[in-house]
Amino acid sequence: MLDLKYIRENVEAVKENCKNRGVEADVGLVVELADRRSALISELNELRHEQNQMAKSIGRERDEEARQKLIEESRAMKERIPKKEDELAEIERRLREEQLNIPNMTHPDAPIGKDDTENVEIRRWGEVPQFEFEARDHVEIGESLKLIDFDAGAKTTGSKFYFLRGDAVLLELGLVRYALDALIERGYEPAITPDLARDEALVGTGFIPRGPETQIYSVENTDLSLIATAEITLAGQLADEILQEDDLPLRFAGLSHCFRTEAGSHGRASRGLYRVHQFTKVEMFAFTTPEQSDAMHEEMLAVEEDIFQGLGIPYRVVDICTGDLGGAAYRKYDLEAWMPGRGDYGEVTSTSNTTDYQARRLAIRYRPEGSRPQLLHTLNGTAIAVSRALISLLENYQQEDGSVKIPDVLVPYVGKKEIQPAR
RNA sequence: GGAGGAGUGGCCGAGUGGUUGAAGGCGGCACCCUGCUAAGGUGUUAUACCUCUUAACGGGGUAUCGAGGGUUCGAAUCCCUCCUCCUCCGCCA
C-alpha cells in the first residue's frame with residue numbers, strides 16, 4: 001500500500017509508475033476519494049467536538065433541571081453523527097479498495113518492460129553441463145530412482161501433490177539444513193513458523209484479496225489459510241509493533257511448507273515438481289531502516305548466489321522488469337537455475353525489496369534515534385525452495401548409469417555421495 | 001472440550017459511568033546541582049488521522065486503555081462477540 005499523502009502529492013509520478021508496471025489503477029479516483037474522506041473526517045470531528053463539549057458541560061451542571069434540559073439537547077444533537085459515520089465508512093471502503101490496486105513505486109534502475117520477456121539478465125554463473133548421453137528430466141529420474149511419487153500424491157491428495165521417497169527425503173532435509181547453516185552463519189535467526197496464518201496476516205502481506213488468481217488455500221469455517229510462503233508469517237509476526245533502531249536490521253531464516261493453488265496456471269511450464277501445490281522452503285526475511293534496504297537486497301541476492309554456487313548449479317541472475325514486478329516489489333531479482341530437462345533456465349529463487357509497502361499495511365515501524373516512529377522496510381528472498389532446487393539438482397547431477405551424484409556440500413547432510421537405483 | 005481469572009502508555013502498575021490521554025513508579029530525554037563516581041533537583045516524555053500556521057518549531061480537533069460491536073448526553077469503567085495469556089479439570093501426541 002502506498003501512502004495516501006504521497007499519492008496526493010505525487011499524482012503524476014504515481015500514474016507514470018502504474019503505466020510502467022502495466023497496472024490499471026485509477027489514481028484520480030483515489031485522490032478524489034481521499035479528498036472526500038478528509039472533508040468528512042473534518043465534519044465528523046467538528047460534530048464530535050460539539051458533542052463532547054455538551055457531555056462535559058452536563059457533567060459539570062449541578063442544577064437538576066438545567067441538567068435534564070442539556071441532556072435532551074444533547075440527545076437530539078447526536079443523531080447527526082451516525083449518518084456521517086456511515087458515509088465515511090463507505091468512502092473509506094472504496095478508497096481502500098482503489099488504493100490497494102496501486103503498486104509500489106519502482107527502483108530507478110529497474111528495467112522498464114511489459115512482461116517477463118523483458119526481464120534483464122545481469123550475469124551467468126557456472127557451466128551448463130554437456131551430457132554424453134540423452135539427458136533425462138527430473139520426473140524420469142525421480143521415477144526410476146523411486147524418489148518422487150506423483151501417483152501416490154494424486155491418489156491421496158490430488159494432482160500436483162507428490163510423495164518424496166527414500167533418498168529424496170534425505171535430500172530435502174539436507175538442502176534445508178544446508179541453507180539454514182548458510183543463513184545462520186550470516187546472522188539470520190532460524191524460525192519454523194506456523195504453516196497456517198490468519199487472514200489478517202495475509203491481507204497485511206498482500207496475499208489476499210487478490211481476486212480470482214488467488215494462490216491461497218483457505219480453511220473452511222475459520223479465518224485461517226495455508227501459507228504460500230513463510231514471508232506471510234515472518235512479516236506478520238511484528239505487525240503493529242515499534243522496533244528500536246538498534247535492533248535493525250533483523251534477519252530471519254524461516255522454514256515452512258508452502259501451499260499454492262496455482263489457479264489459472266494450467267498449461268504453463270509445469271511438468272513435474274516445477275509448479276506444485278505444496279513444497280518446503282527456507283525463506284529469508286529482513287526488517288531494515290529505509291537506508292539499509294538497498295544493501296540488504298544486494299546481500300540477499302549474494303546469499304542466494306552463494307547457496308547455488310555451493311551446490312554447483314549453473315544459474316543466471318535476472319533483474320525483473322517493471323511489468324513483472326507484482327504489486328509490492330520496489331525491485332526484484334530472480335535466480336534462474338539451469339534445468340537440463342527443459343534445456344532452459346527456470347526460476348529457483350526470488351528476492352524483493354518491498355520498501356515500506358508491506359510495512360504500511362502491517363503497521364510495522366521503528367523509532368529512529370530521537371525522533372518519531374516511522375515505517376521500516378521489509379525484504380524477502382528465497383534461500384531454498386526445495387521442489388525447484390530438486391529439479392535442478394537431479395537434472396544437473398544425473399549420471400550416465402542412471403544414478404545421481406550428490407554435490408559435495410550436501411554429502412555431510414545427506415550422508416552419501418550418490419543416489420543409486422533402489423533394488 | 002469444561003470451570004475460573006486476566007489483558008491499561010517503552011516497561012511496571014492505579015483507576016468500576018462525568019474536565020482521566022489516563023495517578024504513581026521505572027526507564028528515556030533536557031536542564032540544574034555536583035572535583036570524579038554515586039546520589040539529588042526541575043521539567044519533559046504515546047500513536048494515527050483531520051485541520052490551521054510555519055522555512056522549521058508549533059496550535060486546534062478527533063480517535064485510541066487486547067479487537068470489534070452495543071447501552072448512555074457522557075465508557076478504561078456497564079453489556080455482547082472475538083483474540084491472546086494464566087490456573088484447575090478432562091482428553092490426546
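In what follows, chains carry the letters A, B, and so on, assigned in the order in which the sequence lines appear, proteins first and then strands, with residues in each chain numbered from 1. Note that these values count all heavy atoms, side chains included, but never hydrogens, waters or copies made by symmetry. The structure presented is a predicted model; accordingly, all values stated were derived computationally and were not measured.
Proximity of a side-chain donor or acceptor of E283(A) to a complementary backbone N or O of A230(A) within less than 3.5 Å is not detected. Counting only distance, with no hydrogens or angles, the side chain of E92(A) and the backbone of A89(A) share no donor-acceptor pair below 3.5 Å. Of the possible donor and acceptor atoms, one in the side chain of E304(A) sits under 3.5 Å from a partner among the backbone N and O of T382(A).
Applying the ring pair (Phe, Tyr, Trp, His ring centres under 6.0 Å) rule to H377(A) yields no partners; only residues at least two apart in sequence or on another chain are considered. Looking at residues two or more places apart in sequence or on another chain, you find a salt bridge (charged side-chain N to carboxylate O under 4.0 Å, His left out) between R36(A) and E87(A). Remark: Y188(A) pairs with no residue by the ring pair (Phe, Tyr, Trp, His ring centres under 6.0 Å) rule, at least two apart or across chains.
As judged by a 4.0 angstrom heavy-atom cut-off over every strand, R80(A) is placed among residues making no nucleic acid contact. At a threshold of 4.0 angstrom between heavy atoms, the contacts of R67(A) include nucleobase atoms, whether or not backbone atoms are also involved. Counting non-hydrogen atoms under 4.0 angstrom, I58(A) reaches a base of the nucleic acid. I41(A) comes within 4.0 angstrom of the backbone, heavy atoms only, and of no base. When heavy atoms are screened at a 4.0 angstrom cut-off, Q51(A) is found touching the sugar-phosphate backbone but no base atom.
Where RNA chain B meets chain A (any atom under 4.0 Å from a heavy atom), the bounding nucleotides read 5' to 3' are G18(B) to U84(B).
Positionally, the nearest nucleotide of RNA chain B for D3(A) lies more toward the 5' end than for the other of D3(A) and Q53(A). Comparing S42(A) and N45(A) along RNA chain B, the residue whose closest nucleotide (by nearest heavy atom) sits nearer the 5' end is S42(A).
Remark: the separation of the P atoms in G21(B) and G28(B) is 29 Å, to the nearest Å. Straight-line distance between the P atoms of U44(B) and U37(B): roughly 27 Å, to the nearest whole Å. Of the C1' atoms belonging to C26(B) and C79(B), the separation is 36 Å, rounded to the nearest Å. Rounded to whole Å, the separation between the C1' atoms of U53(B) and U47(B) comes to 22 Å. On the P atoms, A23(B) is 13 Å away from U19(B), given to the nearest whole Å. When the P atom is compared between U20(B) and A76(B), the two are found 12 Å apart, to the nearest whole Å. Taking atom P in both G17(B) and G69(B), one finds a spacing of 25 Å when rounded to whole Å. Spacing between G27(B) and G90(B) at atom P, rounded to whole Å, works out to 46 Å.
Note: F163(A) and F161(A) fail the aromatic proximity criterion, with ring centroids not under 6.0 Å apart.
Among residue pairs with one or both ends in residues 85-117 of chain A, those qualifying as ring-ring contact (aromatic ring centres under 6.0 Å, His included) are H107(A)-Y330(A); sequence neighbours excluded.
No side-chain donor-acceptor contact under 3.5 Å links Y162(A) and Q278(A). A donor atom on one side chain and an acceptor atom on the other are found under 3.5 Å apart for Q358(A) and T378(A).
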Nucleotide-level pairing of RNA chain B, given in dot-bracket where Watson-Crick and G-U pairs need both distances under 3.5 Å and | marks other strands: ((((((((.[[[..)..(.....]]]((((((.......))))))(((((((.....))))))).[[[[[..)....]]]]])))))))....

